[in-house]
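Residue numbers run from 1 in the order of the sequence given.
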Amino acid sequence: LPWRRDGSGDAFIQALRYWWELVPPRRLFRRPPVLSTCWIISRKVLEGAGGFQAVARSITPEAYFARKAAARDAYSFIRASQASGIASVKSPLEQRTTAIRMRYPQLHRRPENVLAVSLAQLTFLVLPFVLTIWGLFMGIGWPAWIMSVLTSLLLIGTYEKMLLTTRTGHWALGLLDALIGMSFDIGLQHYSMWQYEFSEVDWKGRNICIPAMHVIPHLPKI
């Protein structure tokens, strides 16, 4: 994880990506955190996992190799310090482009996965904030409201911890980001799905997706 330089501003979209990589208990699912900004693998491990041929159609090949290495306890995720000299700065446009390129492939390019994950996000990440605010004006019962408040504080706390650790924004902005970030992430992953299925996804000057739907102006002559 590169050190984020001072003065690079709030990295809202990048912070969301870091949250997904660092906060959930990914080790339980054997999916270690992966950020490809600075990623190193030995040739022996790479070839032992099938080489680049094994990930010829993958948008995030490093995730595949990380899983293979983690299965043998041979993978480490390192956070750079300011003294290391490994730093990163991404503009909001670059952050958005990266998110669009990665979100739908991370869900295996399956619309049903997008639906399932979105419903889970709405239930466990967005609903607690809604119930906390709603409970201030409408009666939802003290037990439900207290649980909503505690869950919201837990989500804000993990987001703030990630924000300060990765230096992707000011802590005060993080309070607001945590409230709207998950809702924004749901919209972003739907937009990524739309781009892959019906439009184009440009990466390094080329389209990396083949839309499933095609428009044929007219039928060929018999």
Side-chain angles (χ1 to χ4, degrees), residues 1-24 26 29 31-41 52 55-67 75 77-80 84-111 113-114 117-118 121 125 158-159 161-170 173-174 176-178 180-212:
L1 175 66
W3 179 266
R4 188 167 176 83
R5 293 176 182 172
D6 292 328
S8 53
D10 188 54
F12 177 65
I13 299 177
Q14 198 170 23
L16 290 173
R17 180 187 174 195
Y18 288 173
W19 192 92
W20 279 114
E21 292 292 336
L22 301 177
V23 174
R26 302 176 67 93
F29 304 98
R31 290 183 174 273
V34 174
L35 295 172
S36 58
T37 308
C38 181
W39 202 82
I40 303 171
I41 185 172
F52 291 114
V55 290
R57 298 180 61 84
S58 176
I59 300 298
T60 56
E62 62 276 8
Y64 167 80
F65 294 120
R67 289 196 303 271
Y75 178 80
F77 186 86
I78 302 172
R79 180 166 56 95
S84 67
I86 303 175
S88 173
V89 175
K90 271 193 173 183
S91 67
L93 179 59
E94 291 174 326
Q95 296 172 38
R96 178 176 176 272
T97 301
T98 300
I100 293 172
R101 174 174 63 87
M102 297 185 63
R103 291 299 284 137
Y104 194 45
Q106 286 175 335
L107 297 174
H108 305 290
R109 300 190 186 186
R110 299 175 67 101
N113 289 351
V114 175
V117 171
S118 298
Q121 287 178 283
L125 302 180
T158 57
Y159 193 91
K161 177 64 175 178
M162 178 279 307
L163 201 70
L164 297 176
T165 301
T166 60
R167 297 169 55 87
T168 47
H170 193 273
L173 293 177
L176 180 61
D177 287 352
I180 65 176
M182 298 307 167
S183 299
F184 184 82
D185 188 60
I186 294 173
L188 193 62
Q189 68 191 17
H190 278 81
Y191 184 71
S192 176
M193 177 182 68
W194 173 268
Q195 290 294 101
Y196 271 98
E197 295 290 356
F198 303 107
S199 186
E200 295 183 353
V201 178
D202 292 325
W203 184 39
K204 299 184 183 299
R206 63 184 185 275
N207 180 29
I208 60 173
C209 74
I210 302 176

message: Closer than 3.5 angstrom, by distance alone: can the side chain of Thr60 be matched with the main-chain N or O of Glu62 as a donor-acceptor pair?
response: no

message: Ignoring hydrogens, what is the shortest heavy-atom contact between Ser192 and Ala99? Give both atom names and the distance.
response: OG-O, 4.4 Å

query: Can you name the residues that form a side chain to side chain donor-acceptor pair (under 3.5 Å) with Trp20, not counting sequence neighbours?
result: Asp185

- prompt: Can you name the side chain to side chain donor-acceptor pair (under 3.5 Å) partners of Tyr75, sequence neighbours left out?
  reply: none

field: For Glu94, side chain to side chain contact (heavy atoms under 4.5 Å, CB included) partners two or more places apart
entry: Lys90, Ser91

field: Value rounded to 0.5 Å, distance of NE2 in His108 from CG in Asn113
entry: 6.5 Å

- prompt: Do Asn207 side-chain atoms and Val201 backbone N/O form a donor-acceptor pair below 3.5 Å?
  reply: yes

message: To the closest 0.5 Å, what do you measure between CD1 (Ile100) and OH (Tyr191)?
response: 5.0 Å

task: Verify the neighbour count for atom CZ of Phe77: are there more than 12 heavy atoms of other residues, nucleotides or ligands below 6.0 Å?
output: yes

- prompt: Salt bridge between Arg26 and Glu21, side-chain N to carboxylate O under 4.0 Å?
  reply: yes

message: Can you see whether Gln189 engages Ser118 through a side-chain donor-acceptor pair at a distance of less than 3.5 angstrom?
response: yes

message: Check whether Trp19 forms a cation-pi arrangement with Arg17 (NZ or CZ under 6.0 Å from the six-membered ring centre, at most 45° off the ring normal).
response: no

message: Ignoring hydrogens and geometry beyond distance, is a side-chain donor-acceptor pair present between Glu197 and Tyr104 at under 3.5 Å?
response: yes

